[in-house]
S.K.: 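Take a look at this one; I'll ask things after.
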Amino acid sequence: MKPNIIYIFADQWRKQAVGFTGEDPVITPNIDKFAQESLVFNHALSCTPLCSPHRAALMTGKYPQSTGVYTNCKIGADVMLSPDEVGVGDALKAAGYQTGYIGKWHLDLPEQNGCPEPESGAREWDAYTPPGPKRHGFDFWYSYGAYDHHLKPHYWKDTPEMIQVDQWSLEHETDVALDFIRAKGMGKNVEPFALFVSWNPPHSPFELVPERYKELYRGRELSLRPNVSSQQLAAHTGEPFESGDEALMRYTRDYFAAVSGMDEQFGRIYREIQDLGLAENTLIVLSSDHGELMGSHGLMAKHSWHEESIAIPCLMSWRGTIGQGSTDMLFNSVDIMPTLLGLAGVPVPASVEGLDLSGDLLGTSHSDISSAFICAFPGRKDAIELFASAGLDNRRFGWRGIRTNKYTYVVHKGYAPGAEVQRLFYEHEMDPYQLNPVVFSERPQTELLMSLEEELRSWLDRTNDKFELT
């Protein structure tokens, strides 16, 4: 019998921001308890640490080089997930699953890219995705494109009529998810269900979180990571943030508050699954799309190769079928879709580039994974225009790298034309906070670095990436 699937992922929730890891001082009792009953992935990674690229990889099992979703779906860039791609929802629906999607989608073209006054009321990066192939097999739909007013969210169902809500988005989406689970789980349907729940917080604006969660951290001494610097905070792509210790502590408290609120909402869903007697035939996954730097290396947001950006939480439970404990297996964005399908006994589409690691999780096979490919591209409107005016393809720049269990190796060609090429090497055990990279510009000379460069070159070939290791 095929399992039900509940895949929950938060936006910008980093691996370190959960109690059971002992890293960030964040309060997450429900997730900590879930971790004891789950398989915890110690090396789950976001192949391209940005919203839309990870989501496209999650849905299709393909890298951004193949889907074309290399940056966010936004004003000024005609980037979206093609309706022709075969997504996880398409495959599950074809296999008889009842499918649902709740929350942030961020894979459709912003409506204002094509129409200044769309009927749906969508503005800026947001979009109403109508029923049809752009929903990629998800039948129940309660979603929006990209909209960050967490305390006053809005959604669309099957018409352009906007549903406006005066409730924290995580709490409201959990209410909707519980209704879906009860209707499917208590019904007499023999078909299994697959529900994807996409929570926006703890994504910025960090302060848009209910006061009851902020109270948990008010006046509490918080220890920050040793690699944090608050003096000149900026995104890796250059956008400035309010800087200084006071601003960073405010961001951090609010970010942790949102994670604690998320923990409470996850607890509601997990308890409902137990109460309905669904635990033994339900695969539950809790993860995120990328991390949050929160001052590490003087950086905010994501888009860099640092652990706070690429390392994501991933906890998986299927009682009686998947073992408890932890795994050091490298698990990249593109591996999620084929692995979910493998666990469900659903054929993996030939288009998929990631690995079906279901056999590793079930103990029936062992995959030898030497490295995970990580990458990011210049995607800001001004950067795209700068490269174009110089006669250059922006998608050949940015950075590419590999993450192994022991090392991170990156070649960075910059976010603007003419930037100096930089190579960076990190040894995780010796330098867990990535404070002392080996930095060089020429091709590597030592045996270890040459082998890592060669591994990176093979990934570029496999993904048909035009990035040149000059």
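The basis for the numbers below is simple: all heavy atoms, side chains too, and nothing from hydrogens, waters or symmetry mates.
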S.K.: Salt-bridged, E272 to R182, with N to O below 4.0 Å?
M.R.: yes
S.K.: Please name all residues satisfying side-chain contact (heavy atoms from CB on, under 4.5 Å) with E85, sequence neighbours left out, ordered by chain then number.
M.R.: T60, K62, T67, L81, S82, H136
S.K.: Apply side-chain hydrogen bond (donor to acceptor under 3.5 Å, both in side chains) to E353 and T463, showing your working.
M.R.: CA-CA 9 Å; E353 297 169 343; T463 58; over 6 Å; no
S.K.: Mind checking the OG-CZ spacing from S287 to F9? Nearest 0.5 Å is all I need.
M.R.: 9.0 Å
S.K.: In terms of side-chain geometry, is the basic nitrogen of D126 or R123 positioned less than 4.0 Å from the acidic oxygen of its partner?
M.R.: no
S.K.: Could you tell me whether the side chain of V88 reaches within less than 4.5 Å of the side chain of Y7, counting heavy atoms only?
M.R.: no
S.K.: I would like to know whether H428 and Y433 meet side-chain hydrogen bond (donor to acceptor under 3.5 Å, both in side chains); could you show each step before the answer?
M.R.: CA-CA 8 Å; H428 302 153; Y433 296 101; over 6 Å; no
S.K.: Quick one: do Q12 and K302 satisfy side-chain hydrogen bond (donor to acceptor under 3.5 Å, both in side chains)? Show the steps, please.
M.R.: CA-CA 8 Å; Q12 214 149 306; K302 54 268 185 178; 2.7 Å; yes
S.K.: Just jot down the salt bridge (charged side-chain N to carboxylate O under 4.0 Å, His left out) partners of R220, sequence neighbours excluded, or say none.
M.R.: none
S.K.: Quick one: list whatever passes salt bridge (charged side-chain N to carboxylate O under 4.0 Å, His left out) with K406, sequence neighbours left out.
M.R.: none
S.K.: Output all residues satisfying ring pair (Phe, Tyr, Trp, His ring centres under 6.0 Å) with F425, sequence neighbours left out; order by chain, then residue number.
M.R.: Y407
S.K.: Give, for atom OG of S333 and atom CG of L58, the distance between the pair rounded to the nearest 0.5 Å.
M.R.: 8.0 Å
S.K.: Are the side chain of T99 and the backbone of D139 linked by a donor-acceptor contact shorter than 3.5 Å?
M.R.: yes
S.K.: Under 3.5 Å, is there a donor-acceptor pair between the N281 and N4 side chains?
M.R.: no
S.K.: May I have the list of side-chain donor-acceptor pairs in residues 35-43 shorter than 3.5 Å, sequence neighbours left out?
M.R.:
{"unit_1": "E37", "atom_1": "OE1", "unit_2": "Y270", "atom_2": "OH", "d": "2.3"}
{"unit_1": "E37", "atom_1": "OE2", "unit_2": "K33", "atom_2": "NZ", "d": "3.1"}
{"unit_1": "S38", "atom_1": "OG", "unit_2": "F34", "atom_2": "O", "d": "2.6"}
{"unit_1": "N42", "atom_1": "ND2", "unit_2": "D328", "atom_2": "OD1", "d": "2.9"}
{"unit_1": "H43", "atom_1": "ND1", "unit_2": "R403", "atom_2": "NH1", "d": "3.2"}
{"unit_1": "H43", "atom_1": "ND1", "unit_2": "R403", "atom_2": "NH2", "d": "3.1"}

S.K.: Using ring-ring contact (aromatic ring centres under 6.0 Å, His included), reason through H203 and Y255 one step at a time and then give a plain yes or no.
M.R.: CA-CA 8 Å; H203 189 286; Y255 181 75; over 10 Å; no
S.K.: Got a sec, which residues hit side chain to side chain donor-acceptor pair (under 3.5 Å) with E427, two or more places apart in sequence or on another chain?
M.R.: none
S.K.: In Å and rounded to the nearest 0.5 Å, what is the CD1 to CE distance from I8 to M262?
M.R.: 9.5 Å
S.K.: Is the shortest distance from a Lys or Arg side-chain nitrogen in E207 or R250 to a carboxylate oxygen in the other one below 4.0 Å?
M.R.: no
S.K.: Between R319 and Q274, does any side-chain donor sit less than 3.5 Å from a side-chain acceptor?
M.R.: yes
S.K.: Would you check if L355 and T339 make a side-chain contact, meaning some heavy-atom pair closer than 4.5 Å?
M.R.: no
S.K.: Mind running side chain to side chain contact (heavy atoms under 4.5 Å, CB included) on W199 and K104 for me, showing each step along the way?
M.R.: CA-CA 6 Å; W199 286 330; K104 182 174 180 177; over 6 Å; no
S.K.: Is it true that R212 and E171 have a side-chain N and a carboxylate O under 4.0 angstrom from each other?
M.R.: yes
S.K.: D175: what forms a side chain to side chain donor-acceptor pair (under 3.5 Å) with it, not counting sequence neighbours?
M.R.: Q167, R268
S.K.: Apply ring-ring contact (aromatic ring centres under 6.0 Å, His included) to residues Y63 and F373 and explain how you reach the verdict.
M.R.: CA-CA 9 Å; Y63 290 97; F373 181 47; 5.7 Å; yes
S.K.: Run the side chain to side chain donor-acceptor pair (under 3.5 Å) test against Y426 and tell me which residues pass, sequence neighbours left out.
M.R.: W305
S.K.: Would you check if W168 and P153 make a side-chain contact, meaning some heavy-atom pair closer than 4.5 Å?
M.R.: no
S.K.: Given side chains that start at C-beta, do those of Q265 and L178 come closer than 4.5 Å, heavy atoms only?
M.R.: no
S.K.: Which is it for H106 and Y144 under the side-chain hydrogen bond (donor to acceptor under 3.5 Å, both in side chains) test, yes or no, and what are the steps along the way?
M.R.: CA-CA 7 Å; H106 205 183; Y144 62 96; over 6 Å; no
S.K.: Does any donor atom in the side chain of D24 or Q16 lie under 3.5 Å from an acceptor atom in the other side chain?
M.R.: no
S.K.: Using a strict threshold of under 4.0 Å (side-chain N to carboxylate O), is an ion pair present between R14 and E307?
M.R.: no
S.K.: Checking D335 now: which residues fulfil side chain to side chain donor-acceptor pair (under 3.5 Å) with it, not counting sequence neighbours?
M.R.: none
S.K.: Are the side chain of T282 and the backbone N or O of A279 linked by a donor-acceptor pair below 3.5 Å?
M.R.: no
S.K.: Let's go through R135 and D158 carefully: what are the C-alpha distance in whole Å and the side-chain angles of both, what is the deciding distance for side chain to side chain contact (heavy atoms under 4.5 Å, CB included) to 0.1 Å, and is it a yes or a no?
M.R.: CA-CA 11 Å; R135 290 191 180 179; D158 296 335; 2.6 Å; yes
S.K.: With no hydrogens and no angle check, is any side-chain donor or acceptor of N227 less than 3.5 Å from a backbone partner on L435?
M.R.: no
S.K.: Tell me whether N72 contacts the main-chain N or O of K74 through its side chain, where contact means a donor paired with an acceptor under 3.5 Å.
M.R.: no
S.K.: For R253 and Y217, indicate whether the former's side chain and the latter's backbone hold a donor-acceptor pair under 3.5 Å.
M.R.: yes
S.K.: May I ask you to decide if Y415's main-chain N or O and W399's side chain share a donor-acceptor pair within less than 3.5 Å?
M.R.: no
S.K.: Indicate, with yes or no, if the rings of F140 and F180 have centres closer together than 6.0 Å.
M.R.: yes
S.K.: For E211, what residues pass the salt bridge (charged side-chain N to carboxylate O under 4.0 Å, His left out) criterion, not counting sequence neighbours?
M.R.: K214, R218
S.K.: Got a second to check how far W156's CH2 is from Y128's OH, nearest 0.5 Å?
M.R.: 9.5 Å
S.K.: Which distance, rounded to the nearest 0.5 Å, do you find between the CG of L357 and the CG of L330?
M.R.: 9.5 Å
S.K.: Please confirm whether the backbone N or O of E161 pairs with a side-chain atom of T159, one donor and one acceptor, at under 3.5 Å?
M.R.: yes
S.K.: Pairs in or reaching into residues 342-368: which pass ring-ring contact (aromatic ring centres under 6.0 Å, His included), with residues at least two apart or in two chains?
M.R.: none
S.K.: Test your reading of the model: is there a side-chain donor-acceptor pair from T48 to the backbone of L50, 3.5 Å cut-off?
M.R.: no
S.K.: Decide, yes or no, whether a salt bridge links R225 with E308 under the criterion of side-chain N to carboxylate O below 4.0 Å.
M.R.: yes
S.K.: Are the side chains of V352 and P349 in touch, meaning some heavy atoms are under 4.5 Å apart?
M.R.: yes
S.K.: With E264, which residues qualify under salt bridge (charged side-chain N to carboxylate O under 4.0 Å, His left out), at least two apart?
M.R.: none
S.K.: State, without any angle test, whether S120 and E111 hold a side-chain donor-acceptor pair at a distance under 3.5 Å.
M.R.: yes
